[in-house]
Amino acid sequence: MVLPDKHLYGQAFALYALTEYALATHDEEASRLADDLVETLETHAHDAEFGGYREYFRADWTAVPADSSTFFYRNFSGPDTKLMNTHMHLLEAFTNYYRLAGTELARARLVELVLIESNAVLRKSVGANTDGYALDWTPLEDRWHKVVYYGHDLENAWLLMQACRALDLPNGPLIDLYRAVWANNRKYGYDHENGGVYNWGPLGEEARGKEKVFWVQGESMLSALHMYRLTGDPQYWTYFSEILRWIVAEQVDWENGEWFEQIDVDGSRSGVKAGEWKAVYHHGRAVVECLRLLGEMEHQ
């Protein structure tokens with residue numbers, strides 16, 4: 001039996017959608033719904049002791065049993081587990097919400113999420129993020145969680161840049177972090193021969209999941225362009241260009257439209273054009289944002 005649980009990952013995307021719509025249309029109802037959702041998260045899910053948010057609840061926001069677990073994005077998480085991925089998307093959503101609402105609460109939660117995504121989820125000795133943590137942000141060391149998803153690391157970097165800009169905070173103190181994450185990606189997760197970014201690998205080891213997934217290419221391309229704009233370092237322009245070249249040559253389906261979900265190591269294509277984990281969110285936004293950034297850079 002599948003229970004209608006409420007997961008903070010889903011709530012983050014709901015808040016992102018409401019705020020994006022409200023910012024674009026100035027719709028008061030969407031703004032009110034965003035306020036109500038933030039109030040609900042504050043009441044039921046925010047962890048005032050350790051920071052961040054508890055991950056999932058029953059439909060009525062009551063706690064799930066301590067020994068329960070849910071299979072979420074390729075790993076198991078329990079009610080006492082916090083995920084880097086969930087908090088990254090909360091960072092994204094609260095960046096938008098702060099732009100919309102501008103309240104003290106919105107700012108406080110966004111600053112907290114910046115600290116989490118730039119510090120608590122980072123394995124500092126390696127320069128990479130892993131996904132699973134205890135409530136107090138102690139890293140989980142089991143095989144489900146001691147994994148680096150390269151696309152998440154690079155996506156997280158540019159989302160942190162955007163959050164700092166929304167807060168009117170300088171990105172300078174975090175540039176070393178951004179560089180370290182990109183250096184780990186270049187060492188383990190980047191295809192230097194063909195361009196493009198692999199999917200995943202064990203912490204501090206060579207990539208094992210060397211398939212090229214659509215969203216990873218989109219987020220990595222956008223992250224590289226943000227890095228070039230922020231630092232002026234030409235290596236990031238090279239990575240942007242190489243990833244774009246891979247996308248144009250291999251990831252895009254020029255015959256039928258859209259992008260292939262996955263290109264396997266042998267060059268075969270697999271996956272769907274649309275599904276539970278495939279929509280235009282990642283790669284559609286990446287292309288739009290890259291065009292916007294390139295236009296701004298052209299007129300600087």
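None of the values given here were measured: they were computed from a predicted structure.
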Distance-only donor-acceptor check, side chains [X] and [Y], under 3.5 Å:
X	Y	result
Glu242	Tyr190	yes
Glu155	His152	no
Trp158	Glu219	yes

Exercise for the section: Taking ring pair (Phe, Tyr, Trp, His ring centres under 6.0 Å) as the test, write out the residues that go with Phe240, two or more places apart. Expected result: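 Testing Phe240 for ring pair (Phe, Tyr, Trp, His ring centres under 6.0 Å), a comparison that skips the adjacent residues, returns Trp237.
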Practice task
Can you sort out the partners of His283 under ring pair (Phe, Tyr, Trp, His ring centres under 6.0 Å), two or more places apart, ordered by chain and number?
Solution key: Phe214, Trp259
Applying salt bridge (charged side-chain N to carboxylate O under 4.0 Å, His left out), can you list everything that pairs with [X], at least two apart in sequence or on another chain?
X	answer
Glu20	none
Glu276	none
Glu261	none

Practice task
Under the side chain to side chain contact (heavy atoms under 4.5 Å, CB included) rule, what do Ser223 and Tyr239 come out as? Steps first, then yes or no, please.
Solution key: CA-CA 10 Å; Ser223 182; Tyr239 292 123; over 6 Å; no
Exercise for the section: Indicate the ring-plane relationship of Tyr9 and His7, choosing parallel, tilted or perpendicular according to the 30° and 60° boundaries. Expected result: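 Perpendicular.
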Problem - Basic-acidic side-chain contact under 4.0 Å: Arg54, Asp80 - result: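 Here Arg54 pairs with Asp80 in a salt bridge, since their nearest N and O are under 4.0 Å apart.
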Handout entry: Test: Arg269 cationic atom under 6.0 Å from Phe260 six-membered ring centre, within 45° of axis
Key = yes
When the side chains of residues 161-169 are checked against the rest of the protein, which donor-acceptor pairs come out under 3.5 Å, sequence neighbours left out?
residue : atom : partner : partner atom : Å
Gln162  : OE1  : Arg165  : NH1          : 2.8

